[in-house]
Amino acid sequence: MGIFKKLFGKHSNIKEESKMKIAVVCANGKAGKLITEEAVSRGLDVTAIVRGENKTAAQQVLKKDLFELTAADLKGFDVVIDAFGAWTEDTLDQHSTSLKHLCDALSGAQTRLLVVGGAGSLYVNPEHTACVSDAPDFPDMFKPLAAAMAKALGELRQRKDVRWTYVSPAGDFQAEGARTGKYILGGEELTLNAKGESVISYADYAIAMIDEATKGSHIQERISVVAE
């Protein structure tokens, strides 16, 4: 009971946003760079965790491969954002192995783990028996990726020792989309905006991610975001 209360009880010592310490893992990626930029723009204490040269707006950098990160490396951060992505057939299993590695490093800690997730596993019915990736018109080329990310999410749901939040984007996740500053927060089911669309830019997703990091409380939940 003690560990449960420590991990998930209400806290009165939540830090002011400007004092929060945030680490972005795989910060050099397209999503990672914009998430890092958004966090820096708000005056947060941001560390970019990258394998090579830092290409982000962060002034503080930890050069280390995700799979080599230790509990000591992540100690002291209020939030760790996992922006890892793998796209080739021979690396898709790393969605599971990378997430397990980060969870193991954060096991029992107060640090929150926010995960850049996928849309394929969002449910399309109230019974939660059918997903976006089950649709007949879901592109075959994306099915292996969707399956790998869904598997990683399923494994994440079993981690009761980590303060995780999985953030799914809309179905149409646009790398070069405009930053509007507006989005709709959803849950486990695919959410459409007023235009009947499921779309969001990486820039607006980054806003939602940092909002969750600084103001959200969706512990051990999957949430989703879509542009207004």
Side-chain angles (χ1 to χ4, degrees), residues 11 13-86 98-99 101-102 105-106 109-118 162-170 173-185 199-219 223-228:
H11 305 286
N13 61 338
I14 296 176
K15 294 187 179 182
E16 294 180 12
E17 181 172 327
S18 62
K19 297 180 181 178
M20 289 190 70
K21 294 189 66 175
I22 292 181
V24 182
V25 183
C26 302
N28 277 339
K30 288 184 178 180
K33 284 176 72 174
L34 287 173
I35 290 168
T36 302
E37 182 179 323
E38 181 66 30
V40 170
S41 73
R42 299 196 196 184
L44 305 181
D45 185 340
V46 186
T47 296
I49 300 179
V50 295
R51 288 190 298 178
E53 176 189 357
N54 176 38
K55 300 177 182 179
T56 77
Q59 298 299 307
Q60 300 177 88
V61 182
L62 173 59
K63 287 184 66 173
K64 204 164 189 180
D65 186 278
L66 182 159
F67 290 95
E68 296 176 355
L69 291 172
T70 65
D73 291 325
L74 302 180
K75 186 177 181 180
F77 289 108
D78 297 294
V79 178
V80 172
I81 298 175
D82 173 21
F84 174 83
S98 64
L99 202 46
H101 183 80
L102 289 176
L106 293 172
Q110 277 292 316
T111 304
R112 291 186 64 188
L113 173 63
L114 272 57
V115 182
V116 176
V162 180
R163 304 181 73 227
W164 60 266
T165 305
Y166 189 93
V167 187
S168 286
F173 197 18
Q174 299 181 345
E176 308 300 330
R179 184 186 192 277
T180 70
K182 300 177 181 180
Y183 65 89
I184 300 167
L185 181 65
V199 60
I200 195 165
S201 67
Y202 277 43
D204 282 344
Y205 178 90
I207 294 172
M209 179 65 82
I210 299 304
D211 282 351
E212 177 61 28
T214 57
K215 307 169 189 174
S217 58
H218 298 91
I219 307 300
I223 59 175
S224 56
V225 291
V226 60
E228 282 193 359

**Student:** State the CD-CG distance between E38 and L44, to the nearest 0.5 angstrom.
**Tutor:** 9.0 Å

**Student:** To check you understand the geometry: which heavy-atom pair defines the closest contact between T47 and F77, and what is its length?
**Tutor:** OG1-CE2, 3.6 Å

**Student:** Restricting to non-hydrogen atoms, name the atom on A105 and the atom on L74 that form the minimum distance, rounded to 0.1 Å.
**Tutor:** CB-CD1, 4.0 Å

**Student:** With distance as the sole test, does D204 use its side chain to make a donor-acceptor pair with the main-chain N or O of G181 at under 3.5 Å?
**Tutor:** yes

**Student:** How long is the gap from CZ on R112 to CH2 on W164, to the nearest 0.5 Å?
**Tutor:** 11.0 Å

**Student:** Between A27 and A48, what is the shortest heavy-atom contact and its length?
**Tutor:** CB-CB, 3.7 Å

**Student:** Would the distance check show the side chain of H218 and the main-chain N or O of E212 forming a donor-acceptor pair, the cut-off being under 3.5 Å?
**Tutor:** no

**Student:** Does the side-chain contact (heavy atoms from CB on, under 4.5 Å) test come out yes or no for E228 and T180, once each step is laid out?
**Tutor:** CA-CA 9 Å; E228 282 193 359; T180 70; over 6 Å; no

**Student:** R42 and D211: salt bridge (Lys or Arg N to Asp or Glu O under 4.0 Å), yes or no, with the steps?
**Tutor:** CA-CA 10 Å; R42 299 196 196 184; D211 282 351; 2.7 Å; yes

**Student:** Are Q60 and K21 close enough that some pair of their side-chain heavy atoms sits under 4.5 Å apart?
**Tutor:** no

**Student:** The test is side-chain contact (heavy atoms from CB on, under 4.5 Å); show your working for L66 and C26 and say whether it passes.
**Tutor:** CA-CA 7 Å; L66 182 159; C26 302; 4.0 Å; yes

**Student:** Is there a donor-acceptor contact under 3.5 Å from the side chain of Y166 to the main chain of S224?
**Tutor:** no

**Student:** Ignoring hydrogens, what is the shortest heavy-atom contact between N54 and V61? Give both atom names and the distance.
**Tutor:** ND2-CG2, 3.3 Å

**Student:** Are any of the side-chain heavy atoms of V24 and M209 separated by less than 4.5 Å?
**Tutor:** no

**Student:** Please determine whether the number of non-hydrogen atoms from other residues, nucleotides or ligands lying under 6.0 Å from atom NZ of K64 exceeds 12.
**Tutor:** yes

**Student:** With rounding to the nearest 0.5 angstrom, report the CD to NZ distance, E53 to K63.
**Tutor:** 8.0 Å

**Student:** Could you state the interatomic distance from OG1 (T36) to CD1 (I81), rounded to the nearest 0.5 Å?
**Tutor:** 7.5 Å

**Student:** To the nearest 0.5 Å, what is the distance between CD1 (I49) and OG1 (T56)?
**Tutor:** 11.0 Å

**Student:** Return the OG1 to NZ distance between T214 and K19, rounded to the nearest 0.5 Å.
**Tutor:** 15.5 Å

**Student:** Please test V225 against I207 for side-chain contact (heavy atoms from CB on, under 4.5 Å), starting from the C-alpha separation and ending with a verdict.
**Tutor:** CA-CA 10 Å; V225 291; I207 294 172; over 6 Å; no

**Student:** Walk me through whether F173 and I200 qualify under side-chain contact (heavy atoms from CB on, under 4.5 Å).
**Tutor:** CA-CA 5 Å; F173 197 18; I200 195 165; 3.7 Å; yes

**Student:** Should we say atom CD of Q59 is surrounded by more than 12 heavy atoms from elsewhere, each under 6.0 Å from it?
**Tutor:** no

**Student:** Could you check if a side-chain atom of V167 sits within less than 4.5 angstrom of a side-chain atom of Y205, using non-hydrogen atoms only?
**Tutor:** yes

**Student:** Kindly assign one of parallel, tilted or perpendicular to the pair F84 and F67, based on the angle between their ring planes and the thresholds 30° and 60°.
**Tutor:** perpendicular

**Student:** Any idea which heavy atoms bring V80 and T111 closest together, and the distance?
**Tutor:** CG2-CG2, 3.7 Å

**Student:** So which atom in V46 and which in A39 form the shortest heavy-atom distance, rounded to 0.1 Å?
**Tutor:** CG2-CB, 3.5 Å

